Amino acid sequence: MIETKQWRVDPEAADLEQDPQILAAAEGIKNGEVVAFPTETVYGLGANAKSREACLKIFEAKGRPSDNPLIVHVATFEDVREICTDINPIARKLAEAFWPGPMTLVLPSRGEVSDAVTAGLSTVAVRMPDHPVARALIRAAGVPIAAPSANSSGRPSPTRAEHVVNDLNGKIYGIVDGGETGVGVESTVVDCTTTPVTILRPGGISREQLTEVIGLVASDPAMVRSDQTPKAPGMKYRHYAPEAMMYLVPGGKERITELVKNEKENGRRVGVLTTEEHLNSYPRADIVLSCGKRAEPESVAHSLFAVLREFDKRKVDVIYSETFSETGIGKAIMNRLSKAASGRVIE
Ligand code: TXA
Ligand code: MG
């Protein structure tokens, strides 16, 4: 156990790059330590991407399989050129349209970052985050920062500093607390080494948004077919799972009500994951939690992981979840829910 430091930072403060809290966290990164920090998607667990030793500490703290590469976070286009050999015209178009923002590009690696980051692949995943604290930290550290989501491997990604504390306190050097994150689901991972480019993980930038800028976009077949090996190694692992057995129920309110009734007859403690619109629709369930407004899918993405963690706190035996339309950010929401449920669907 080490004593994990905590730095509280107001993301709206001026001159964040000079903030003593940010400077202390940046000092940690420079010295080869791992530090959790907020991005606009989820909290990341960062280390100097050029140091193998520092990056290995990330894998150890999270219990992350070593074949799962990390995303490198940068502050400028100059940084991207240093890390990647070839930023083709399509990748450039995407970067100009969506960076800084919740999109990660997989590009050919120049070999500048540690092989612990790329897990030995010839490509590297790069992202320019759109969060003032993340940007200030990268600039102050003066190095690209490799960072996966700052949860223990398999758990829901953290959207608040307290989630990071729950998972990693005593295992990491420090946490920059910049409040709640915005988007709530991770970045869209786009492989730019294929023609057309391929979405490896749906996320904060939707397929529709990508298409509007570059036209043709493919999807990794593993996103729809379970017999395919995903090209993003992280997509093959169990992830986001709450402790209780979770099921997706496309049948909606009526079907869930029936399932709740059955479970209660068997004496089980039942949770329902719903939205504001249906918060009062499940009087027999023990715990009913809303993850936002169905009419505003961004609000659902924002709260999803916090709600999954809340079910763990409230100790239920089973969770039934409503489902969402897979358009726009709905695609990322359904991807995370489906993984949280380990693919269990009650048709
Ligand atoms: O929003 C996000 O992307 C957050 C914040 C912290 O930036 N990060 C994040 O990292 O979600 P992580 O490690 O939880 O997910 C990264 C995903 C994994 O599925 C990994 O396998 C994939 O990106 N990935 C990383 N490098 C890759 C590469 N070179 N080729 C293919 N997939 C890659
Ligand atoms: Mg993750």
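Ligands are counted one by one from 1 in listed order, and the atoms in each one are counted from 1 as well. On a predicted model such as this, the values are computed, not experimentally measured, just so you know.
Of all protein heavy atoms, the one closest to atom 23 (O) of ligand 1 is V189 CG2, 3.9 Å. The nearest protein atom to atom 19 (O) of ligand 1, hydrogens excluded, is given as G234 CA, 3.3 Å; this is a heavy-atom distance. Atom 29 (N) of ligand 1 has as its closest protein heavy atom T123 OG1, 3.1 Å. When hydrogens are left out, the protein atom nearest atom 7 (O) of ligand 1 is H73 NE2, 2.6 Å; that is the closest non-hydrogen contact. When hydrogens are left out, the protein atom nearest atom 31 (C) of ligand 1 is K231 O, 3.6 Å; that is the closest non-hydrogen contact. The single protein non-hydrogen atom nearest to atom 20 (C) of ligand 1 is N68 OD1, 3.2 Å, given as residue, atom name and distance. Nearest protein heavy-atom contact of atom 27 (C) of ligand 1 is P69 CG, 3.4 Å. Atom 32 (N) of ligand 1 has as its closest protein heavy atom A232 CA, 3.4 Å.
Only the side chain of L200 comes within 4.0 Å of ligand 1, counting heavy atoms alone; its backbone N, CA, C and O stay farther away. Of all the heavy atoms of R64, the ones lying under 4.0 Å from any atom of ligand 1 belong exclusively to the side chain. Residue contacts with ligand 1, taken as heavy atom pairs separated by less than 4.0 Å, involve I71 solely via side-chain atoms from C-beta onward.
For ligand 1, one of its N or O atoms has an N or O atom of R201 under 3.5 Å away. Looking at ligand 1, you'll find an N or O of R127 within less than 3.5 Å of one of its N or O atoms. Ligand 1 has no nitrogen or oxygen under 3.5 angstrom from a nitrogen or oxygen of E186. At under 3.5 Å, a nitrogen or oxygen of T41, whether backbone or side chain, sits near a nitrogen or oxygen of ligand 1. In terms of polar-atom proximity, Y43 is not counted as a contact of ligand 1, lacking any N or O under 3.5 Å from an N or O of the ligand.
The nearest N, O or S atom of N151 is not closer to the Mg ion (ligand 2) than 2.8 Å.
The CG atom of D177 sits 11.5 Å away from the CH2 atom of W7 when rounded to the nearest 0.5 Å.
A donor and an acceptor atom, one from each side chain of E186 and T41, are nowhere located under 3.5 Å apart. Judged purely by distance below 3.5 Å, without hydrogens or angles, the side chains of D67 and Y237 pair a donor atom with an acceptor atom. Side-chain contact check for D79 and T76: at least one donor-acceptor pair (N or O, by modelled atom type) lies under 3.5 Å.
Ligand 1 lies nowhere less than 4.0 angstrom from a heavy atom belonging to P129.
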